[in-house]
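Beneath this line is the structure, given in structure tokens, with notes to follow.
In what follows, residues are counted from 1 in the order of the sequence shown.
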Amino acid sequence: MARLPIVEYPDPRLKKVARPVHVFDARLRQLVADMAETMYAAPGIGLAATQVDVHERVIVIDVSETKDQLRVFINPEILWASEETTLCEEGCLSVPGIYEEVRRPARVGVKAQNEDGETFTLECDGMLAVCVQHEMDHLAGKVFVEYLSALKQDRIKTKLKKRKAREAA
């Protein structure tokens with residue numbers, strides 16, 4: 001396994017729309033393993049392939065306290081979303097150190113495939129529902145800060161540029 005470099009906002013590669021996965025092979029299983037290692041090391045609770053500059057519809061998530069319940073979603077689709085919404089503070093490995101509240105459906109039904117290409121459906125609520133929607137946004141080329149006002153987006157970009165400049169110095 002290998003830790004993969006995480007693409008950081010506002011890198012234009014985060015805008016790429018991910019392609020569906022058609023081949024379920026050793027390369028895909030290695031990608032999933034590398035993404036899981038990268039997510040756990042970051043540390044994070046979710047990672048989309050887009051964030052590691054692989055533009056395929058692959059997501060890994062683990063919202064458990066014990067970090068031993070990895071879920072893999074390949075070619076995920078939201079089948080339904082509740083009318084009820086929830087406001088949740090979100091962060092993102094591609095937007096390090098930034099946390100903002102985002103309103104999303106409280107529950108979603110998801111259809112996806114596992115690493116072997118087997119299809120499954122799952123009803124998600126709580127943090128899992130938020131995380132699935134957040135990571136699926138990445139596959140569509142959208143980062144959570146895009147739900148915020150233009151002013152907040154500009155402030156976040158400035159903050160991240162300043163941090164990078166300090167780190168480079």
Asn75 side chain vs Val21 backbone, donor-acceptor pair below 3.5 Å: yes
Listed partners of Lys67 passing side-chain contact (heavy atoms from CB on, under 4.5 Å), at least two apart: Tyr40, Ile45, Asp62
Student check: side-chain heavy atoms of Ile74 and Leu28 closer than 4.5 Å: yes
Sidechain-backbone polar pair: Glu8 side chain, Pro96 backbone, donor-acceptor under 3.5 Å: no
Under the ring pair (Phe, Tyr, Trp, His ring centres under 6.0 Å) test, residues paired with Phe24 that sit two or more places apart: none
Nearest heavy-atom neighbours spanning Lys157 and Pro10: CE-CB, 4.2 Å
side-chain hydrogen bond (donor to acceptor under 3.5 Å, both in side chains) against Arg107, all qualifying residues, sequence neighbours excluded: Glu84
Criterion side chain to side chain contact (heavy atoms under 4.5 Å, CB included) against Glu135, the qualifying member of Thr50, Ile59, Val58: Ile59
Under the salt bridge (Lys or Arg N to Asp or Glu O under 4.0 Å) test, residues paired with Lys152 that sit two or more places apart: Glu100
Residue Arg71 excluded, over 12 heavy atoms near CZ under 6.0 Å: no
Asp154: salt bridge (Lys or Arg N to Asp or Glu O under 4.0 Å) partners, not counting sequence neighbours: none
Residues in side-chain hydrogen bond (donor to acceptor under 3.5 Å, both in side chains) contact with Thr66, at least two apart in sequence or another chain: Asp68
Same cluster (ILVMFWY, side-chain, under 4.5 Å), Val143 and Val54: no
Criterion side-chain hydrogen bond (donor to acceptor under 3.5 Å, both in side chains) on Asp34 and Gln30, from CA distance to verdict: CA-CA 6 Å; Asp34 292 346; Gln30 185 64 54; 2.8 Å; yes
Under the ring pair (Phe, Tyr, Trp, His ring centres under 6.0 Å) test, residues paired with His138 that sit two or more places apart: His134
Path from Met39 to Ile6 over hydrophobic side-chain contacts below 4.5 Å: yes
Residues that Tyr9 engages under side-chain hydrogen bond (donor to acceptor under 3.5 Å, both in side chains), provided they are two or more places apart: none
Counterpart residues, salt bridge (Lys or Arg N to Asp or Glu O under 4.0 Å), relative to Glu77 (two or more places apart): none
Within residues 118-128 or reaching into it, pairs that qualify as side chain to side chain donor-acceptor pair (under 3.5 Å) - sequence neighbours excluded: Asn114-Glu118
Distance, nearest 0.5 Å, that separates CG of Leu160 from CD1 of Ile98: 5.0 Å
Arg155, CZ atom: more than 12 neighbouring heavy atoms under 6.0 Å: no
Heavy-atom donor-acceptor pair, Ser82 side chain to Ala106 backbone, under 3.5 Å: yes
Sequence-distant partners of Arg19, salt bridge (Lys or Arg N to Asp or Glu O under 4.0 Å), two or more places apart: none
Those residues that, when tested against Lys15, pass side-chain hydrogen bond (donor to acceptor under 3.5 Å, both in side chains) (two or more places apart): Glu146
Cationic N near anionic O, under 4.0 Å, Glu56 to Arg27: yes
